[in-house]
Amino acid sequence: MRKNIVAGNWKLNKTLQEGVALAKELKTALTGKNVNCDVIICSPFIHLTAIHEIVEGSEMKVGAQNCADKDSGAYTGEVSAAMVASTGAQYVILGHSERRAYYGETNAILKEKVKRALENHLIPIFCIGEVLEERETGKQNKVVKTQINESLFDLSAEDFGKIVLAYEPVWAIGTGKTATSAQAQEMHAFIRQIVADKYGTKTANDTSILYGGSANAGNAKELFSNPDVDGGLIGGASLKVDTFLPIIEAF
Ligand code: PEP
């Protein structure tokens with residue numbers, strides 16, 4: 001079923017102690033509140049177990065920001081999907097533009113990561129989006145379609161139904177420049193149509209498609225009011241309760 005989701009992507013921020021404190025503060029802030037979306041914290045790997053213990057039993061969930069494309073073996077520094085799942089985390093961000101740009105993650109590598117995640121019962125939050133030059137030359141639809149096609153469209157309908165998509169125009173991430181509400185809705189509707197063409201209308205309608213890119217307390221309500229925007233993947237604004245909570249409450 002399609003869910004409203006607000007997921008925080010902490011990126012390379014917060015020591016273990018700082019992360020634990022933030023998770024506790026957020027849990028306290030959400031206690032007793034009638035929240036209309038799932039709230040997910042995507043922390044660095046080393047925080048996962050501790051944060052899972054804090055949020056267990058609450059509405060909050062935990063996710064990683066990456067996992068290996070291999071199961072095990074001589075891959076120094078890697079963390080497998082099974083290891084992520086063993087912490088209690090239920091989600092994993094895959095295909096974030098920073099991983100694509102700085103760590104050479106291709107659509108083919110991401111296809112393997114998605115498989116490893118699903119085999120280990122993790123829900124991928126799969127990021128797609130165009131860079132500025134592609135937007136300015138009108139290639140955004142083609143780019144996004146290729147990313148989805150090459151990494152996800154060999155999945156069975158059942159497996160695809162487990163995926164959460166996050167449209168993140170790269171030019172809007174961490175730049176303070178948000179896609180307009182109309183740009184977000186247009187792309188989300190396009191994405192849903194591609195999914196419908198491949199897997200049928202029911203699967204498309206059941207897929208949560210999040211928006212990411214400088215979302216904040218001031219623009220979340222308008223972005224989330226679009227029929228095809230089912231929530232947000234939030235970077236900078238997820239690092240403080242004061243800025244994250246109003247986004248959660250925008251639903
Ligand atoms: C992100 O990293 O996924 C993101 C959307 O970052 P920000 O909200 O800071 O633009």
Side-chain angles (χ1 to χ4, degrees), residues 4-14 18-19 22 26 37-45 47-48 51 61-67 84 89 91-103 105 110 113-114 117 122-132 134-135 140 143-144 147-148 151 163-181 183-185 187-188 191 208-224 226 228-251:
N4 292 333
I5 297 171
V6 173
N9 174 14
W10 287 2
K11 310 194 189 194
L12 184 57
N13 292 295
K14 306 282 176 197
E18 290 165 349
L22 176 56
L26 184 61
C37 61
D38 284 5
V39 177
I40 306 167
I41 292 175
C42 296
S43 73
F45 292 124
H47 302 59
L48 293 174
I51 295 180
K61 306 272 186 295
V62 185
Q65 299 169 22
N66 183 25
C67 71
V84 170
Y91 289 83
V92 58
I93 297 174
L94 291 175
H96 193 281
S97 60
E98 289 151 15
R99 300 288 324 166
R100 292 176 187 266
Y102 308 145
Y103 299 95
E105 295 196 359
L110 291 167
K113 293 193 176 204
V114 167
L122 292 173
I123 300 172
I125 300 174
F126 191 80
C127 303
I128 52 205
E130 79 286 356
V131 300
L132 186 59
E134 290 162 342
R135 165 69 60 170
Q140 65 272 19
V143 169
V144 165
Q147 290 170 334
I148 294 176
S151 296
I163 306 254
V164 172
L165 295 174
Y167 169 58
E168 298 206 304
V170 181
W171 46 271
I173 296 178
T175 58
K177 194 173 174 184
T178 322
T180 64
S181 179
Q183 282 172 324
Q185 168 55 26
M187 179 57 88
H188 283 226
I191 293 167
S208 296
I209 309 176
L210 315 184
Y211 168 80
S214 298
N216 58 43
N219 56 32
K221 220 180 186 73
E222 194 186 344
L223 285 163
F224 297 171
N226 287 299
D228 289 298
V229 178
D230 306 310
L233 181 55
I234 315 298
S238 71
L239 295 172
K240 285 188 188 147
V241 171
D242 285 358
T243 47
F244 195 42
L245 189 61
I247 300 176
I248 296 167
E249 291 180 319
F251 271 117

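Side chains are part of it too, since the values below use all heavy atoms of this structure and drop only hydrogens, waters and symmetry mates. All ligand and atom numbering here is 1-based and tracks the order in the structure.
For the pair Ala237 and ligand 1, no heavy-atom separation below 4.0 Å is found.
Considering only heavy atoms from C-beta on, His96 comes within 4.5 Å of Asn9 through its side chain. Using a 4.5 Å heavy-atom cutoff, the side chains of Phe224 and Val6 are in contact.
Evaluation of the salt bridge (charged side-chain N to carboxylate O under 4.0 Å, His left out) test over residues 239-251, restricted to residues two or more places apart or in two chains, returns Lys33-Glu249.
For ligand 1, the atoms lying closer than 4.0 Å to a non-hydrogen atom of Gly213 are 5 (C), 10 (O). Within the listing of ligand 1, atoms 1 (C), 2 (O), 3 (O) sit less than 4.0 angstrom from a heavy atom of His96. Close contacts of ligand 1 with Asn9, meaning ligand atoms under 4.0 Å from a residue heavy atom, involve 1 (C), 2 (O), 3 (O). Under a 4.0 Å criterion applied to the non-hydrogen atoms of Gly236, ligand 1 contributes the atoms 7 (P), 8 (O), 9 (O). Of all atoms in ligand 1, listed by their number and element, those nearer than 4.0 Å to a heavy atom of Leu233 are 3 (O), 5 (C). Each of the atoms 7 (P), 9 (O), 10 (O) of ligand 1 lies under 4.0 Å from some heavy atom of Gly174. When each atom of ligand 1 is checked for a heavy atom of Ala172 under 4.0 Å away, the hits are 10 (O). Short contacts between ligand 1 and Gly212, defined as distances under 4.0 Å to a heavy atom of the residue, involve ligand atoms 5 (C).
At most 12 non-hydrogen atoms from other residues, nucleotides or ligands lie less than 6.0 angstrom from CD of Glu222.
Taking all atoms of both residues into account, the shortest heavy-atom contact from Phe244 to Ala7 is CZ-C, 4.1 Å.
A distance-only check finds a donor-acceptor pair linking the side chain of Lys113 to the backbone of Cys67 [under 3.5 Å]. In this structure, the side chain of Ser151 does not engage the main chain of Ile148 through any donor-acceptor pair within 3.5 Å.
Residue Gly235 has at least one nitrogen or oxygen atom sitting less than 3.5 Å from a nitrogen or oxygen atom of ligand 1, judged on distance alone. Below 3.5 Å of separation, one finds an N or O of Ser214 facing an N or O of ligand 1.
Nearest protein heavy-atom neighbour of atom 3 (O) of ligand 1: Glu168 OE2, 2.6 Å.
Using cut-offs of 30° and 60° on the angle between ring planes, the pair His47 and Trp10 is perpendicular.
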